[in-house]
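Written below as structure tokens is the structure these notes are about.
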There are 2 protein chains.
Amino acid sequence: MSYQPAVSLAEKISRDLAGRIVSGEIAPGARLRQDHIAVEFGASHVPVREAFQRLEAQGLVENLPRRGVRVAPFSLEDLREVAGMRAALEVLALRNAAPHLTKAILDEAEDATRAGDHAGDVHAWEEANRHFHQLILAPCAMPRLLRTINDLHTASARFLFSVWRAEWETPTDRDHRAILAALRAGDVDAAATLLVRHVEWIGGKYGR
Amino acid sequence: MSYQPAVSLAEKISRDLAGRIVSGEIAPGARLRQDHIAVEFGASHVPVREAFQRLEAQGLVENLPRRGVRVAPFSLEDLREVAGMRAALEVLALRNAAPHLTKAILDEAEDATRAGDHAGDVHAWEEANRHFHQLILAPCAMPRLLRTINDLHTASARFLFSVWRAEWETPTDRDHRAILAALRAGDVDAAATLLVRHVEWIGGKYGR
DNA sequence: CCTTTTAAAATTATAGATAATTTGCGAATC
DNA sequence: GATTCGCAAATTATCTATAATTTTAAAAGG
């Protein structure tokens, strides 16, 4: 566990814990002890507290003042909420990005879809899926919006990993291709509708 | 400056600074010195750092690692971004809240509209306006969504205060009344359309 | 005069100590 | 047996000191 000087210790701890929360290694509801985490990272508890605050800002933990921090639960209600927010915000981002989408971007997005098709496990798939979304949305150039969407992707990933940890089958992502086809044809409305359906699909499948 | 024990010092500092940033007392772009703020509050710099992190999570400041913190700028691009996000998210919240809206809530929302009409200054108006939105949206019972909307209201308030600080005229809020009328008539689609227009109005007026 | 280098000063980040609050357990009471 | 109270232990929050990094100013070189 060697930390490089360019990134602060608090940030490193935050990233490490985020990965373990998202992957399910640290379970929803689990208490995070600042003193124990500090020992684990060979650090003082002060940057651990700062790391907890970062995780809280990402929605991964809940701070219980003076009583510790616990990993945020992730219920089906959360899933639906996240899916709904993603649908609303990603459409907004897509509509603002559409005038700036180039052939190069769309080609790269197609590569990301292909990478997802060939993903060996759920982590690789989630990464390719997120990359696809980032590619088609980033040209909106709205940093607050993109940041919020990214946090929502992280929340989605928690669910994805917990559901598919036992058995993995690569989803053939026809949705991405349909979105790309609509974007290439300049049909932003169709792309937006497809995007909503794509994002809300998991909410609908597991949200009942 | 007396702090009560129930709320942490970091939280208190954060709230005080947030108020001063939103009101414009601390200007966009201004550097916040952790050591100076600590002296001002008679505290150590560690809870000041924690306060800065809270402000960052709210979008009010930008953290420049190892080089300090500065108040987030608020440009017209930001204004448009925030208006767009609010429109998207508030409609989502409203649609999920609508089945749970009672006559009592709508009456209370009407009271809030009236309070806004009689507001003596922009702060009172903003408070009544925010209260109105909170009342009609809270029954969606989606905490992440409501939290995000609240942060966006805070961002909107920054602009409102800076534009209207010199001259104040009470806006007669016909939008709120139209939204309420649609909600009372059970016409959620119309209410949503009106809400979008209401939220995006400032973005459109000042965003060109 | 402009650019680069160096060292000191200033500022931020973290460690370890201390203060404040919460938790847990045993004893007392009903 | 259930509830309440008191106290010690455990845990979190803040303070002070120190370490690490950045900024600034002066000196040196072209």
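Values in this document were obtained by computation on a predicted structure and should not be read as measured data. Chain identifiers are assigned alphabetically (A, B, ...) following the order of the sequence lines, protein sequences preceding nucleic acid strands; residue numbering begins at 1 within each chain.
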Quickly work out the [X] [atom1] to [N] [atom2] distance and round it to whole Å.
X	N	atom1	atom2	answer
Gln34(B)	dT14(C)	CD	P	11 Å
Leu9(A)	dA19(D)	CG	P	16 Å
Asn63(A)	dT11(D)	CG	P	17 Å
Arg66(A)	dA19(C)	CZ	P	15 Å
Glu11(B)	dT12(D)	CD	P	18 Å
Ile13(A)	dA15(C)	CD1	C1'	12 Å
Glu50(B)	dT14(C)	CD	P	12 Å
Ile37(B)	dT12(C)	CD1	P	10 Å

Check the surroundings of atom CD in Glu127(B): do more than 12 heavy atoms from other residues, nucleotides or ligands lie under 6.0 Å from it?
-> no
Glu110(A) atom CD, over 12 foreign heavy atoms within 6.0 Å |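 Atom CD in Glu110(A) is crowded, with more than 12 foreign heavy atoms closer than 6.0 Å.
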Phosphate oxygens OP1/OP2 of dT23(C): is one of them under 4.0 Å from a side-chain N or O of Arg67(A)?
->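 The answer is yes; a side-chain N or O of Arg67(A) sits under 4.0 Å from OP1 or OP2.
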Is the phosphate of dC15(D), meaning OP1 or OP2, less than 4.0 Å from a side-chain N or O of Ser44(B)?
->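 The answer is yes; a side-chain N or O of Ser44(B) sits under 4.0 Å from OP1 or OP2.
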Ignoring hydrogens and angles, answer whether the base of dT14(D) and the side-chain atoms of His45(A) contain a donor-acceptor pair closer than 3.5 Å.
-> yes
Mapping Arg31(B) and Pro47(B) to their closest nucleotides on DNA chain D, which lands nearer the 5' end?
-> Pro47(B)
Side chain of Val46(A) (C-beta onward), nearest among dT22(D), dA10(D), dT14(D) = dT14(D)
Would you check if the side chain of Ser156(A) reaches a backbone N or O of Leu152(A) as a donor-acceptor pair within less than 3.5 Å?
-> yes
Nearest nucleotide by nearest heavy atom, which residue falls closer to the 5' end of DNA chain C, Gly68(B) or Gly42(A)?
->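 Its nearest nucleotide lies further toward 5', so the answer is Gly68(B).
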When you match Pro65(B) and Pro65(A) each to their closest nucleotide on DNA chain C, which lands nearer the 5' end?
-> Pro65(B)
Give the intermediate values and the outcome of salt bridge (charged side-chain N to carboxylate O under 4.0 Å, His left out) for residues Arg20(A) and Asp16(A).
-> CA-CA 7 Å; Arg20(A) 288 152 67 183; Asp16(A) 187 88; 2.8 Å; yes
Donor-acceptor pair between Asn150(A) and Gln134(A) side chains, under 3.5 angstrom =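 Yes, a side-chain donor-acceptor pair sits under 3.5 Å.
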